[in-house]
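Just so we're on the same page: letters track the sequence lines, and every chain starts at 1.
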Amino acid sequence: MTDTTELSKAYEPTEVEARWYACWMERNYFRAEATSDKPAFSIVLPPPNVTGSLHIGHALTATIQDILARWKRMSGFNTLWLPGTDHAGIATQMVVEKELKKTEGKSRHDLGRAAFLERVWEWKGKYGARIGEQHRFLGASLDWSRERFTMDEQSSAAVREVFVRLYEEGLMYRAQKLINWCPSCRTALSDLEVEHEESKKGSIWHIRYPVKDSDRTLTVATTRPETMLGDTAVAIHPEDERYLGLAGKSVKLPLTDREIPIIADAELVDPKFGTGVVKVTPAHDFNDYQTGLRHKLPMLTILDEAARMTKETGKYAGLDRFEARKQVLADLTEQGLLEKEEPHMLNVGTCQRCATVVEPRLSPQWFIKIEPLAKPAIEAVEQGRTKFVPESWTNTFFHWMRNIHDWCVSRQLWWGHQIPAYYCTSCSPRQGDDTDLPLDAPTVKVGGVDFARAEPIVAREQPKSCPKCGGASFIQDPDVLDTWFSSGLWPFSTLGWPRETPELKTFYPTSVMETGHDIIFFWVARMMMMGIHFMGDVPFRTVYLHAMVRDEKGQKMSKTKGNVIDPLDIVLGAPADKLQPTLKNRFPQGMPPFGADALRFTLASLTQQGRDIKLSMDRLEGYKAFGNKLWNASRFALMNMGDFRMEAGPLDRSTLTLADRWILSRLQRATTEARALLESYSFGEAASTLYQFLWAEFCDWYIELAKGSLYGEDAAAKDSTRRVLVYCLDRILRLLHPFMPFITEEIWQKLPMARPTDSIMIAPYPEPDAAHVDEAAEGEMAPVIAAIEGLRTIRGESNLSPATKVKAVVQSADVRTRELLERWRGYLMPLAGLSEVTVGAPGAKPPQAAAFVGSNLEIYVPLAGLVDLDAERERLKKEIARAEQEMAGVLRKLENPNFVAKAPPDVVEKDRARVEELKERKAKLQDHLQRIAPEPAMPETPPSESTTPESSTPTAEEGASPSAPAQVKVAPNQEEKGGVDLGQELKGELGETGTASEAGDTQVQDALAKLREGTKEGLSPSDHHDLGVAYMTMGLVDDAMREFNRAKEGGDTRETPAEGAEAEEGESGPVKAHGDMLPTREVTQGEPVRSASKKKATAPGKVHGDKLAPAPTTEEAEAPAVKKAAAPAKKAAGTSAVARKAPAAAKKAPAKKAAGKAPAKKAAAKKAPAKKAAAKKAPAKKAAGKGAAKKAVAKKAPAKKAAVKKAPAKKAAGRKTAAKKAPAKKAAAKKATRAKPAARAKARR
RNA sequence: GGGCGGAUAGCUCAGCGGUAGAGCGUCGCCCUUACAAGGCGAGGGUCACAGGUUCAAUCCCUGUUCCGCCCA
């Protein structure tokens, strides 16, 4: 069955995905048991609107829920994931109306209610099916046998039941209240369906209302002048002195013949706002409505359902509200009653569906009394019976629930659940010319039932006879219910409620409600209220709210923006002409099929709690590649299986190799981690864990290591490796299955092993096996990996082709390490491309070799004849610089008595150990650097113009300023370790080879002690000066200044580098650059060669700064003779290289920054916390130091950067601005600390 | 006006008191027979700004500025 040729070279998702979904369906794997011994896990799919097709947000929903469902199913749960669609009242009615208009030019009224609804049902059939199909393409393991629709018979029955019960309980009532009305949709809206636009530009008009029986006028300020025609009062603040005595009088309402009262109302009127006089229009403004109620004002409706002026408005009747506004303003102007118009920012409510400005409208509607429902929901969350993830949504939920208003649930639409209220056609009031009469006035029967005044009979079924008059003819309330009304019942209506079904018993409360945070109020809150009220328990235990998916630019996806992405286009691919513009731009040849697995993995990976998801095509491509990687790793395994077939049962550990044990151990860790992350809904991290494990550990290391035995002759070893390969793959596939269901199934089916189930989707989710957690193996593997990485670094840096086999000498003082490396040379050689490896104790090193110094081993690769050694020297210097940099940082900490005293001992200990390690490493590197030094050349002649260290020029690379070699020793890094390094360096200078590392802790301690006391006795003024320079190179400005001051106090006459730098400012390019660099120099200390060469080596005298730096120190000390001259050829190369890079510096440094803040301090401070602290305490000093540092840092930066960076020449222009790059030192430091982060992470994490 | 997020590498994002990470992109060397959708190596960070707390701050606190969302 394991035909290796079965797997194609590249993974092709399309065919595989279609095949497996059909198979799963056929085998009924998605179906949940109504009753089962297994624990239940249930999720109801938030029902997508049947308005159209799924967008990428739905894909996210489906992905997350399917991950949960598959994971739980594999974990032994009786898992129900229940699909369905939502009828989406307004939205669907609108799209169908639109289509009707477009295709047939008809309105819904042309068809009539029944015929129109038929059309909508047709639409529903079409798009409902399409939505189902899309979910299938996404791999969603939904229980289609239980698919539901919010308007199917069962749901409708539930809706009726709920409505009637609420009515019976007094929680559902009908009332004439002011509600939000969309004049375009011509229906009531709930508060939530109104969107508030921030600060729209508008005007506020000041209108004079003449006070009756007086010459006085009252000026009201209003943003809606047209509504004055509906004013039934003007209000003033009772304590407003301007209007004392006016309350109780009346004004003449302009443009009408009405007189309206002046009322005093402290609640409505803010005397500080506008004129302090407010027009009151109770039928068209929510605040005025309340005022009207308080003062029992008449409520005059002047706008009809389409927001046209009613006949109440006389000459304005029939005008649209905005037209009317113009007319009213014109008329007021004419009458001289318009005082002024001012610009005004206003907030306008618009219809969520059609963006029309909504209009408050007085009309009879159905409402749910919400408070009695909200309270238990709040309590449930308070008590933790339902939890929000992320937790931060809890407060949002509370806030809204505690300020909730009664819910207007009636909609003047056709598509939806018609309200189960009936009116007797015999005795109900009728519409007619008497509609202006009071509500309780007797009526003349003219037209149809006047629902505003008729008495409803609420019942599950149409009543047989009218309890009032005995009439048998009824008409049902024409309104339908808010879509969210039926959605609110979803968690139990879908399970059969109000019938008592086994499903209800098994799956309610559902386990998780997973949905977008945008519908927390619309839907989640309402489900909570309804669920608790009707089921007596919360509808779900956990609410996981996911983020919104936005496009790559963070824009919300919308049809109008044209940035909507159809998930199926990603899954299946799409021709360019079908794509929206940005995607077409990105994929001019059309979108390739990424496959559902890649899309799902991408969405899962990008899912972070509390942050929107910007869908990145780059990442999508990356995860597609991940699928391919998995595919090919499996392909590799399968092609090497031979006749092997793994039997069931535990692995025999006795035959395992180190690599086997290592990967098995790593696998257990990944398993544990992935499971824990899933438990906490950390989908992104779970995906990342699996990604890292598969790629960086299993593929990059284990498969490579396995090749040895697979390609070898030892049949037993071969089988053992095969066993481990299959074991791991099986588990990796199962771990990944919830994320990538298709590819994992496809591969899993091909593994040569006994399968406990017919499909991976019902196989158990892997559990960690403690028996395979193997610390020892991981420990043994570490030096092997370290050695391989070291060798690869050497190869990479030397640009050695992988085909070139090299010899390597590995030395370690540690017997165990040597033993391991010797034993596992079989791993070492192929992975590092070695033809030969010699493992031994530290001793003779090969000449002309490249070296890698690890924490416990050193590696040498003779490079003579392979590459020139210049590159290697550069690399070593860089390494040295990094070590020094880090060491300096750690030593700074250790020097601080507070740190030693207050930090936890283990932290201090760790730092101490780190210093030791770094010291040793540095010594070895320096030692090696010296040993591969080119033939000594004549020392360069020091520039005659300067003798101070700063101005003295170091030679390009190794050149030492003759004037200061000895002082160099006092470089900052050594300062703390002080004595030791000093001694060591001196030794080096004297030609001694002994490593100082073992020199003695006592010396270190002594030095430290001295430093802590601040005495630094034993340092000469000159030492202080050099120390200052060294500090400066680290950006430790304050420390530097202190040392300079001490030097001066002691008689040292040299000027501070800053001064020096300044002095040099007018000089020619190279010279200046050097001078500038000097202070920050440590940056370049790692590569003096480079900076020198970059300078074209034309101004050797100027590079002096390098000398002072710690790194060069050693160089100089130990290899004083080394000259740049020695390697002219190299130099040239280096030069150009550097030149190319130089400009790069500019890149990082925005011009604006160069302009002028004092970056130095900041930069310096950053890298050197200690210094920062110092600065804080000594402001005066800081000031002093700042200037110096700024200059120093500013300048030096570019140099280092230039030296290090490889950037295209095009950027040269910006070099100057590079000054800003101050943090150069940081960069250097960074490198020091992260020799090989990626590799390290790969290997160890 | 109130509330909640966010600001970390060129891009998309993790991390959140103790040596800054990933993927993609970039640069260099490689078509090494699982994978060029690849391998190995490298480069790349004022962790928005300003204060504060701390031995130590990207991380905690306060404030500021931008961006986004929600509510009124």
Side-chain angles (χ1 to χ4, degrees), chain A residues 4 7 9-11 196 347 392-393 395-396 399-400 403 517-518 520-521 547-548 550 552 554 556 605-606 608 610-640 684-685 688 691-692 696 699-700 703-704 707 789 792-803 830 833 886 889-890 893 896-904 906-908 910-911 914 1141 1144 1147-1148 1153 1159 1162-1163 1165-1167 1169-1170 1173 1204-1208 1220-1223 1226-1227 1229-1234 1236-1239 1241 1245:
Chain A
T4 60
L7 293 197
K9 197 170 174 181
Y11 176 59
H196 296 274
N347 297 334
S392 56
W393 289 107
N395 278 334
T396 306
H399 184 259
W400 189 74
N403 294 283
H517 66 66
D518 54 332
I520 181 173
F521 305 138
M548 300 294 101
R550 316 179 85 89
E552 269 175 304
K556 202 166 183 173
S605 295
L606 294 175
Q608 237 67 53
R611 191 189 259 224
D612 280 350
I613 295 173
K614 281 181 230 170
L615 184 63
S616 154
M617 287 298 144
D618 283 344
R619 293 202 50 170
L620 184 62
E621 290 184 335
Y623 291 122
K624 184 189 180 195
F626 175 65
N628 196 54
K629 189 74 180 175
L630 173 62
W631 182 257
N632 278 290
S634 307
R635 186 166 158 257
F636 166 81
L638 294 179
M639 13 192 345
N640 287 286
E685 287 175 74
S688 166
Y691 181 104
Q692 289 296 326
C699 291
D700 288 351
I703 284 188
E704 294 308 318
K707 285 175 180 172
E789 287 178 347
R792 283 175 174 172
T793 301
I794 290 175
R795 296 185 76 96
E797 293 280 321
S798 306
N799 279 349
L800 280 181
S801 150
E886 187 183 346
V890 181
K893 274 204 280 182
N896 182 341
N898 279 329
F899 172 71
V900 179
K902 298 191 182 175
D906 58 312
V907 171
V908 177
K910 219 174 82 186
D911 278 348
R914 184 69 183 145
K1141 300 165 177 180
K1147 168 204 240 159
K1148 230 56 247 250
K1153 295 206 161 162
K1162 216 184 276 172
K1166 168 126 236 169
K1167 230 34 243 218
V1204 178
K1205 174 130 194 184
K1206 326 177 134 189
K1220 205 349 186 328
K1221 221 2 210 244
K1226 176 190 240 168
K1230 167 225 207 98
K1231 311 258 326 248
T1233 62
R1234 61 155 305 207
K1236 301 185 42 120
R1245 295 279 4 253

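- Base engagement by A:Tyr11 is indicated by at least one non-hydrogen atom pair under 4.0 Å involving a base atom.
- The interatomic distance linking A:Asp906 (CG) with B:G17 (C1') rounds to 13 Å, in whole Å.
- Although no hydrogens or angles enter the test, the distance criterion places no donor-acceptor pair under 3.5 Å between the side chain of A:Asp518 and the main chain of A:Met548.
- Taking CG of A:Asn628 as the start and OH of A:Tyr623 as the end, the distance is 15.5 Å to the nearest 0.5 Å.
- Remark: the separation of the P atoms in B:A37 and B:C31 is 15 Å, to the nearest Å.
- In this structure, CE in A:Met639 is found 12.5 Å from OG in A:Ser634, a value given to the nearest 0.5 Å.
- Distances from the side chain of A:Glu685 to the nucleotides B:G23, B:A14, B:G39 place B:A14 closest.
- Atom CG in A:Asp618 sits about 13 Å away from atom C1' in B:A37, given to the nearest Å.
- With a cut-off of 3.5 Å on both Watson-Crick or G-U wobble distances, the partner of B:C24 is given as B:G10.
- OP1 or OP2 of B:U19 has at least one side-chain nitrogen or oxygen of A:Lys910 nearer than 4.0 Å.
- Comparing the P positions of B:C60 and B:G5 gives an interatomic distance of 12 Å, to the nearest angstrom.
- Comparing the same atom, C1', in B:A14 and in B:G28 gives a spacing of 28 Å after rounding to whole Å.
- Of the candidate nucleotides B:C24, B:A37, B:A34, B:A34 has the atom lying nearest to any side-chain atom of A:Cys699.
- Across all strands, A:Glu621 comes closer than 4.0 Å to no nucleic acid atom at all (heavy-atom distances).
- With hydrogens and angles disregarded, no donor-acceptor distance shorter than 3.5 Å links the side chain of A:Arg635 to the backbone of A:Ala10.
- Using a 4.0 Å heavy-atom criterion, one finds that A:Phe626 contacts no nucleic acid atom at all.
- Within the shown strands, B:G18 is the pairing partner of B:C55 under the Watson-Crick or G-U definition, both distances less than 3.5 Å.
- In this structure B:G45 sits in no base pair that meets the Watson-Crick or G-U test at under 3.5 Å.
- Comparing the C1' positions of B:U32 and B:C40 gives a spacing of 11 Å, expressed to the nearest Å.
- Base pairing of B:G1: its partner is B:C71, meeting the Watson-Crick or G-U wobble criterion (both donor-acceptor distances under 3.5 Å).
- Here the nucleotide nearest the side chain of A:Thr793, chosen from B:A34, B:G41, B:U12, is B:G41.
- At a threshold of 4.0 angstrom between heavy atoms, the contacts of A:Arg619 include nucleobase atoms, whether or not backbone atoms are also involved.
- Atom CE in A:Met548 sits about 12 Å away from atom P in B:C69, given to the nearest Å.
- For the pair A:Lys707 and A:Tyr691, nearest-nucleotide mapping onto RNA chain B gives the more 5' position to A:Tyr691.
- With B:C55, B:C35, B:A37 as the choices, the nucleotide that has an atom nearest any side-chain atom of A:Arg635 turns out to be B:C35.
- Closest contact between the side chain of A:Asn628 and the listed nucleotides B:A34, B:C40, B:A37 involves B:A37.
- Among the nucleotides B:C40, B:A37, B:G18, the one closest to any side-chain atom of A:Val907 is B:G18.
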Please write out each protein N/O paired with an N/O of nucleotides 29-32 of chain B under 3.5 Å, distance rounded to 0.1 Å.
none

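- Atom pair A:Leu606:CG and B:U12:C1' shows a separation of 7 Å (rounding to whole Å applied).
- Nearest to the side chain of A:Ile703, among B:A36, B:A34, B:G38, sits B:A34.
- Going from the P atom of B:G45 to that of B:G21 covers 14 Å, rounded to whole Å.
- Base-pair partner of B:G38: B:C30 (Watson-Crick or G-U wobble, both distances under 3.5 Å).
- Mapped onto RNA chain B by nearest heavy atom, A:Ser634 and A:Gly622 fall at different nucleotides, with A:Gly622 at the one closer to the 5' end.
- Considering NZ of A:Lys624 and OH of A:Tyr11, their distance stands at 10.5 Å, rounded to 0.5 Å.
- In terms of polar N and O atoms assigned as donor or acceptor, the side chain of A:Lys9 never comes within less than 3.5 Å of the base of B:C35 in a complementary pairing.
- As rounded to whole Å, 8 Å separates atom C1' of B:C71 from atom NE2 of A:His196.
- Distance A:His399 NE2 to B:G5 P: 14 Å, rounded to the nearest Å.
- Side-chain contact between A:His399 and A:Asn395 is absent, with no heavy-atom pair separated by less than 4.5 Å.
- Cation-pi contact between A:Lys629 and A:Tyr691: absent, since separation from the ring centre below 6.0 Å together with deviation from the ring axis within 45° is not met.
- Look at CG on A:Asn640: it is 11 Å from P on B:C35, rounded to the nearest Å.
- The backbone N or O of A:Gly684 sits nowhere less than 3.5 Å from a side-chain atom of A:Ser688 that would complete a donor-acceptor pair.
- Side-chain proximity of A:Asn898 to B:G23, B:C55, B:A34: nearest is B:C55.
- The listed nucleotides are B:C69, B:C35, B:U12; the one nearest the side chain of A:His517 is B:C69.
- Side chain of A:Arg914, nearest nucleotide from B:A34, B:U19, B:G23: B:U19.
- Using a 4.0 Å heavy-atom cutoff across all strands shown, A:Ala901 reaches no nucleic acid atom at all.
- Between A:Lys624 and the phosphate of B:C24, there is no side-chain N or O to OP1/OP2 separation shorter than 4.0 Å.
- A pairwise comparison of heavy atoms in A:Lys9 and A:Asn632 identifies O-OD1, 3.0 Å as the closest pair.
- The two residues A:Phe899 and A:Val907 make their nearest non-hydrogen contact at CZ-CG1, 3.9 Å.
- In this structure, CG of A:Leu620 is placed 12 Å from C1' of B:G23, rounded to the nearest angstrom.
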